[in-house]
Amino acid sequence: MIYNRIEEVSSQIKFFFRDSKYKQVREVIWFIVITAVIHFSYRFWAMHFQYWPIQAWMGSIRNFMAATVFEQSTWVNQHILGLNLTRTDHVMYFSNGSGIAIITIIKERIRALIDKSL
């Protein structure tokens with residue numbers, strides 16, 4: 001009985017992959033699978049290998065992107081939203097005393113401070 005059910009499901013799966021009316025659905029499924037594999041592989045590479053062998057390059061790219069986001073955010077906040085803010089290094093302080101920092105830069109500085117103390 002179980003064997004018959006397995007054959008039935010197998011037959012339905014084969015039909016799904018051979019029938020032309022499901023071509024678009026199959027293409028979407030392949031897109032999802034490929035995208036998921038790329039993203040999970042990238043995160044695995046980042047978390048377990050720290051972008052080896054291009055660690056220095058990735059660090060400089062992350063810092064560049066963080067600085068660019070900070071500059072653009074500051075400009076939008078000041079010129080489009082008309083917010084009154086003060087910039088200190090990579091932190092935007094608003095008139096109510098709150099602030100926003102770019103995390104990548106902060107992480108790099110914390111790592112540098114930890115390395116200096118060790």
Side-chain angles (χ1 to χ4, degrees):
M1 183 164 154
I2 293 175
Y3 182 73
N4 291 337
R5 182 69 181 140
I6 291 173
E7 280 187 11
E8 182 181 326
V9 169
S10 175
S11 173
Q12 290 172 350
I13 290 172
K14 287 177 186 175
F15 176 76
F16 173 78
F17 280 102
R18 289 186 182 145
D19 192 2
S20 62
K21 70 179 178 181
Y22 295 114
K23 182 180 181 203
Q24 292 176 335
V25 175
R26 285 192 308 267
E27 289 175 354
V28 169
I29 290 171
W30 278 117
F31 173 77
I32 292 169
V33 168
I34 291 169
T35 302
V37 166
I38 289 171
H39 282 83
F40 284 115
S41 299
Y42 176 79
R43 293 310 307 155
F44 182 81
W45 177 49
M47 300 303 281
H48 296 286
F49 297 108
Q50 287 76 39
Y51 301 109
W52 184 86
I54 57 171
Q55 294 158 328
W57 184 74
M58 287 299 286
S60 64
I61 292 295
R62 273 195 330 243
N63 290 338
F64 169 76
M65 289 189 300
T68 303
V69 166
F70 180 78
E71 293 296 326
Q72 297 301 315
S73 299
T74 303
W75 189 88
V76 167
N77 286 338
Q78 287 178 327
H79 295 92
I80 294 179
L81 300 178
L83 299 177
N84 183 20
L85 60 92
T86 305
R87 291 176 51 165
T88 307
D89 205 13
H90 285 13
V91 181
M92 284 183 277
Y93 292 102
F94 299 96
S95 58
N96 67 355
S98 63
I100 296 177
I102 301 296
I103 300 299
T104 304
I105 301 296
I106 302 280
K107 278 184 183 177
E108 297 298 324
R109 294 215 172 134
I110 289 172
R111 280 191 197 132
L113 290 173
I114 291 171
D115 290 342
K116 280 184 183 180
S117 67
L118 298 176

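The first residue in the sequence is number 1, and the count goes up from there.
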Rounded distance [0.5 Å steps], CD1 in I54 versus OG in S60: 9.5 Å
Here the pair of heavy atoms bringing Q55 nearest to F49 is NE2-O, 3.8 Å
Say you draw a straight line from OG of S73 to CG of L85; how long is it, rounded to the nearest 0.5 Å? 10.5 Å
Inter-residue atom distance F15.CZ - Y22.OH, 0.5 Å rounding: 5.5 Å
Could you give me the CA-CA distance, side-chain angles and deciding distance for R26 and F16, then say whether side chain to side chain contact (heavy atoms under 4.5 Å, CB included) is met? CA-CA 8 Å; R26 285 192 308 267; F16 173 78; 3.5 Å; yes
Output side-chain donor-acceptor pairs under 3.5 Å for residues 92-101, partner residues at least two apart or in another chain, one line each.
from: N96; atom 1: OD1; to: S98; atom 2: N; distance (Å): 3.0
from: N96; atom 1: OD1; to: S98; atom 2: OG; distance (Å): 2.7

Test your reading of the model: is there a side-chain donor-acceptor pair from W45 to the backbone of W52, 3.5 Å cut-off? yes
Can you give me every donor-acceptor pair (side chain of residues 28-41, partner residue at least two apart or in another chain, under 3.5 Å) with its distance?
from: T35; atom 1: OG1; to: F31; atom 2: O; distance (Å): 2.8
from: H39; atom 1: ND1; to: T35; atom 2: O; distance (Å): 2.8
from: S41; atom 1: OG; to: V37; atom 2: O; distance (Å): 2.7

More than 12 heavy atoms of other residues, nucleotides or ligands under 6.0 Å from CD of Q24: is that the case? no
Return yes if some donor-acceptor pair links the side-chain N/O of T68 with the main-chain N/O of F64 below 3.5 Å, else return no. yes
Apply side chain to side chain contact (heavy atoms under 4.5 Å, CB included) to residues F70 and V91 and explain how you reach the verdict. CA-CA 8 Å; F70 180 78; V91 181; 5.6 Å; no
Can you name the residues that form a side-chain hydrogen bond (donor to acceptor under 3.5 Å, both in side chains) with R87, not counting sequence neighbours? E71
Contacts of type salt bridge (charged side-chain N to carboxylate O under 4.0 Å, His left out), residue R5, not counting sequence neighbours: E8
Applying salt bridge (charged side-chain N to carboxylate O under 4.0 Å, His left out), name anything that partners K14, two or more places apart in sequence or on another chain. none
Name all residues meeting the ring-ring contact (aromatic ring centres under 6.0 Å, His included) criterion together with H48; count only those two or more places apart in sequence or in a different chain, and write none if there are none. F44
